[in-house]
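All values derive from a computational prediction rather than experimental measurement. Proteins come first, then strands; the chains are lettered A, B, ... in the order of their sequence lines, and each starts at number 1.
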Amino acid sequence: MGPTVGVSLKLPYRKVPDGKGGFGYYAEVPVNIALPTKNAPRSKRFGAIIDSGASRCIFNAEIGKAIGLDVPKGEVETTLGITGPSNTYLHDISLYAPGGIIAIRAGFSADLPVAGILGMIGFFDSFKILFDPAMLRCELERIYKA
Amino acid sequence: MKPLDTLERLIAMAINDPRFEALQSAPLGQWIALAEDESKIVAVGPTYAEAVANSEKAGVSDPVLIKVPKAWAPLSV
């Protein structure tokens, strides 16, 4: 059986200062994360940027610490960014996203300048995603793999 | 879709966006907690944990946390 499609929603782009007196846009969705154990307490909701240029989901290490991770004990993964290589620490977590929980292996970094980034592994593989520049919104359709 | 539709939407977003106004006033390099409707800042802290604690002290238990960068600039991670 193939994948089935579930919840869909339309998220208006979020306007952010551009540092030059104007503004730019992020496609951003509020999410929670938690340890992958039953009834583990969730983080507070935080704004995570939808970014197809990120290989996997990466979250700020402070959120990982808050949910109970010993972040530096995770598997080290070196990522390549525009400013060069950087280390992240991988952990298995539950991502609370539209349509329910996704079990993912995510990176955690103390150097991330934002709260979280939703990348190809862990997010884009669970959604059909349309970036709509005419309506200034992002459309998400959850895919459930058989 | 007419081009004007997009222009009108851009203008509306530029004029009336309390979340954007909140971000403009947010202290750089800090964590901020936005109200449930994301219309205003209810707490600030140098760490995620302190922003959450300050939000709870302010009576907001379901905030949306944002990490404000050290400087607003186009993002490339």
Contact check, side chains of [X] and [Y], non-hydrogen atoms, under 4.5 Å:
X: A:Tyr13; Y: A:Tyr26; result: no
X: A:Pro98; Y: A:Val29; result: yes
X: A:Ile50; Y: A:Leu11; result: yes
X: A:Ser94; Y: A:Ile104; result: no
X: A:Phe127; Y: A:Ile102; result: yes

(Q) Report, in residue-number order, which members of residues 49-61 of chain B are under 4.5 Å from chain A by heavy-atom distance. (A)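 Result: B:Val52, B:Glu56, B:Ser61.
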
Q) How many angstroms lie between CZ in B:Arg19 and CZ in A:Arg14, if you round to the nearest 0.5 Å? A)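 That separation rounds to 4.0 Å.
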
Q) In terms of heavy-atom proximity below 4.5 Å to chain B, should A:Asn60 be classed as side chain, backbone, both, or neither? A)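 Side chain only.
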
Q) Which region of A:Pro30, side chain (C-beta onward) or backbone (N, CA, C, O), has a non-hydrogen atom less than 4.5 Å from a non-hydrogen atom of chain B, or is it both or neither? A)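 For A:Pro30, the side chain is the part near chain B, not the backbone.
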
(Q) Using a 4.5 Å heavy-atom cutoff, which residues in residues 63-79 of chain A come close to chain B? (A)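 So the qualifying residues are A:Ile63, A:Ala66.
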
Q: Heavy-atom pairs under 4.5 Å with chain A are the metric here; pick the option from B:Ile66, B:Leu34, B:Thr47 that has the most.
A: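 The residue among B:Ile66, B:Leu34, B:Thr47 with the greatest pair count is B:Thr47.
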
Q. What pair of heavy atoms forms the shortest contact from A:Ala106 to A:Phe59, and how long is it?
A.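 Looking at all heavy atoms of both residues, the shortest contact is CB-CE1, 3.7 Å.
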
Q: Please name the pair of heavy atoms, one in B:Ser39 and one in B:Ala22, separated by the smallest distance, quoted to 0.1 Å.
A: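 For B:Ser39 and B:Ala22, the tightest heavy-atom pair comes out as O-CB, 4.5 Å.
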
Q) Will you find, in the side chains of B:Gln24 and B:Trp72, an N or O donor that is under 3.5 Å from an N or O acceptor? A)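 Checked: B:Gln24/B:Trp72 side chains show no N/O donor-acceptor pair below 3.5 Å.
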
Q.
Given the ring of A:Tyr96, does A:Arg42 sit roughly above its face, with NZ or CZ under 6.0 Å from the centre of the six-membered ring and within 45° of the axis?
A.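 Ring-cation test returns yes.
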
Q) Just by modelled atom types, is the A:Gly100 backbone N or O under 3.5 Å from a matching donor or acceptor in the A:Arg142 side chain? A)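 Here the side-chain-to-backbone pair exists.
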
